[in-house]
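Values in this document were obtained by computation on a predicted structure and should not be read as measured data.
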Amino acid sequence: LGEFKRGKSSMINSLLGEEILPADILPATATINVVQYGTENMCTVIYENGEKERYPLEKECLSRLCVDGDVDATTVRHVLIEINNELLKKQIVFIDTPGVNDISQSRIEVTHNILPHCDAALFLLDAVAPLTQSEADFITTKVLNSSLTSLLFIISKSDRLDDDELCESIAGAEERLNVVIGKPVKVIPYSAREQMNAYRANRNTPQCTALLAELELLRQKADEQKYERIADRLKLAAELILSEISVIEAFNQATQEQIASYQRGVDDGRLRQEALFNQLMTNSEKVGRQTLAQLFSKACDYLAKTMISELEYQIRLVEGDVEKMWNRQIPIQIERRIKLFAEEKGQEMQQFLLNYTNHLTSEYQR
């Protein structure tokens, strides 16, 4: 878990010793990627409608599933990546998720919905500014509410800091996490880049060795709690089934008059939609421009609001020592946030125009 560009895919690649998952596109991961052991290196795309596509694992294939790829991520349930790898052979399965601060609500929900099915979570934090307000909110509202108790927090890209800065970053992260979670937690540093370099020399870095040890402890704990987790999942499944049954029963109790009323409402809605469509076709260019402008304006407002909120949050954390925070963190955070925003908005506007054009063409032909 972690915000986009925290190095989640890069960390998995470095632990496996292979450049498997794409990590050079912003944000790269648009789907749930399940990485597990297999006798052959294969990739299987499982779609929401149950259909599957299976082909040899190649980087070009995975790139199609990135945010700017030609496969619609909303149609994909998850991607199963099978690798003949010794680490995965030890009953370890990695689930690479989209960023928790993604503007796309659907990708946020994808990450949230997978949590109850996991044995443990590795939460990656930024070395320069560990535990932003959006990360703290996600932990409070999503992670803790999912009954996921096995958490390991990792300061990623630790090679960007010297030893003193890294110690300070870890201490600050642990202090803030203790407040958010309500109990002491462990934070460890990790550099995927250093580990990939070490792997080419047929060795592991001390940080990688420490992380692998933590993974083994989490695996052992998951094995010990296996039947307890199975019981929890069965209970959850039973609750979902009972909820579905209650919906069916309520529908069956509806009178024919109510159903007829619903039908009239559907017919009225169809007529309204036809009128709206005609209006859309008449003013297609005007409506498209206005919508794009409004979307961008709201995004700018959201950016400003979150940046101000984040700065206020950081100031509170350092007990008002603004000068200290400004000299080391604020310029870097502002520059990174605006750069990421500009890159992402450019992609979103391009995609919006493409989708809007395709929509008008398809509706006109139909």
Side-chain angles (χ1 to χ4, degrees), residues 1-17 20-21 23 27-29 33 35 87-88 90 92-101 111 114-115 118-140 142-144 146 148-181 183-199 204-222 329 336:
L1 298 171
E3 298 189 347
F4 60 77
K5 299 308 287 183
R6 284 292 188 260
K8 299 186 293 296
S9 300
S10 296
M11 186 191 75
I12 295 176
N13 287 339
S14 68
L15 290 175
L16 299 178
I20 298 295
L21 300 174
T29 304
N33 295 324
V35 184
L87 177 61
L88 301 178
K90 301 176 182 179
I92 288 181
V93 177
F94 290 110
I95 303 176
D96 191 24
T97 66
V100 302
N101 63 331
T111 300
I114 201 68
L115 291 178
C118 299
D119 297 308
L122 310 182
F123 205 110
L124 273 68
L125 304 171
D126 185 76
V128 177
L131 197 64
T132 63
Q133 184 169 357
S134 60
E135 290 171 331
D137 292 342
F138 185 84
I139 292 171
T140 302
K142 305 294 185 182
V143 177
L144 299 182
S146 69
L148 186 60
T149 58
S150 295
L151 302 173
L152 178 62
F153 293 90
I154 301 170
I155 298 289
S156 67
K157 306 175 184 178
S158 63
D159 54 302
R160 296 184 175 182
L161 304 179
D162 59 33
D163 291 342
D164 292 338
E165 291 173 334
L166 184 57
C167 290
E168 182 180 342
S169 179
I170 293 175
E174 289 180 341
E175 181 180 354
R176 298 170 192 176
L177 285 167
N178 291 347
V179 175
V180 172
I181 298 180
K183 63 179 181 180
V185 297
K186 190 172 185 178
V187 178
I188 65 173
Y190 189 77
S191 169
R193 180 165 54 183
E194 289 183 348
Q195 173 54 27
M196 286 301 289
N197 293 333
Y199 187 86
N204 288 332
T205 64
Q207 289 185 352
C208 181
T209 300
L211 177 55
L212 290 173
E214 293 291 341
L215 288 178
E216 177 59 21
L217 292 176
L218 291 174
R219 190 197 64 77
Q220 293 177 5
K221 181 179 179 181
Q329 298 181 4
R336 181 189 296 113

* To do: Any chance you could lay out the side-chain contact (heavy atoms from CB on, under 4.5 Å) test for E214 and I154, step after step, and finish with the verdict?
  => CA-CA 11 Å; E214 293 291 341; I154 301 170; over 6 Å; no

* Trace of the side-chain contact (heavy atoms from CB on, under 4.5 Å) decision for L125 with T132 -> CA-CA 9 Å; L125 304 171; T132 63; over 6 Å; no

* Determine yes or no for a side-chain-to-main-chain donor-acceptor pair under 3.5 angstrom, with S169 supplying the side chain and A127 the backbone. => yes

* Which atom of C208 lies closest to which atom of Y190, heavy atoms considered -> CA-CE1, 3.6 Å

* Are V143 and F138 close enough that some pair of their side-chain heavy atoms sits under 4.5 Å apart? -> yes

* Structure fact -> CG (L131) and CD (Q133) are apart, to the nearest 0.5 Å, by 10.0 Å

* Asked: Partners of D162 by side chain to side chain contact (heavy atoms under 4.5 Å, CB included), sequence neighbours excluded?
  -> D164, E165

* Check: I20 and V35 side chains under 4.5 Å, non-hydrogen atoms -> no

* To do: Give the C-alpha distance, both sets of side-chain angles, the deciding distance and a yes or no for side-chain contact (heavy atoms from CB on, under 4.5 Å) between L215 and L15.
  => CA-CA 11 Å; L215 288 178; L15 290 175; 4.1 Å; yes

Output a table of donor-acceptor pairs, distance under 3.5 Å, between side-chain atoms of residues 170-177 and any protein atom two or more places apart or on a different chain; print 'none' if there are none.
residue: E174; atom: OE2; partner: V187; partner atom: N; Å: 3.4
residue: R176; atom: NH1; partner: P130; partner atom: O; Å: 2.8

* Asked: Does the side chain of Y199 come under 3.5 Å of the side chain of T205 through a donor N or O and an acceptor N or O?
  -> no

* **Side chain to side chain, N204 and Q195, heavy atoms closer than 4.5 Å** => yes

* Indicate yes or no: at least one non-hydrogen side-chain atom of I114 is less than 4.5 angstrom from one of T97. => yes

* To do: List the steps, then state whether side-chain contact (heavy atoms from CB on, under 4.5 Å) holds for E135 with D126.
  => CA-CA 10 Å; E135 290 171 331; D126 185 76; 5.5 Å; no

* Rounded distance [0.5 Å steps], CG in N13 versus CE in M196 -> 6.5 Å

* Structure fact -> In this structure, CG of L152 is separated from NZ of K186 (nearest 0.5 Å) by 8.0 Å

* Could you state the interatomic distance from CD1 (I12) to CG (L87), rounded to the nearest 0.5 Å? -> 10.5 Å

* Asked: Hey, are D96 and K8 close enough for a salt bridge, meaning a charged N less than 4.0 Å from a carboxylate O?
  -> no

* **Atom CZ of R336: over 12 foreign heavy atoms under 6.0 Å** => yes

* To do: Apply the test side chain to side chain donor-acceptor pair (under 3.5 Å) to residues S191 and Q207: give CA-CA distance (whole Å), side-chain angles for both, the deciding distance (0.1 Å), then the verdict.
  => CA-CA 7 Å; S191 169; Q207 289 185 352; 5.3 Å; no

* To do: Going by the side-chain contact (heavy atoms from CB on, under 4.5 Å) test, name the single residue among V185, L1, I181 that passes it with L151.
  => I181

* To do: Would you check if N33 and F94 make a side-chain contact, meaning some heavy-atom pair closer than 4.5 Å?
  => no

* **Minimum side-chain heavy-atom gap L144-I139 below 4.5 Å** => yes

* Can you tell me how far OG of S10 sits from NZ of K157, rounded to the nearest 0.5 angstrom? -> 7.0 Å

* Structure fact -> Correct closest heavy-atom pair for S150 and D119 would be CB-O, 3.5 Å

* S156 side chain vs R6 backbone, donor-acceptor pair below 3.5 Å -> yes

* L211 versus M11: any side-chain heavy-atom pair under 4.5 Å? -> yes

* To do: Take atom CZ of R219 as the centre, draw a 6.0 Å sphere, and report whether it contains more than 12 heavy atoms from other residues, nucleotides or ligands.
  => yes

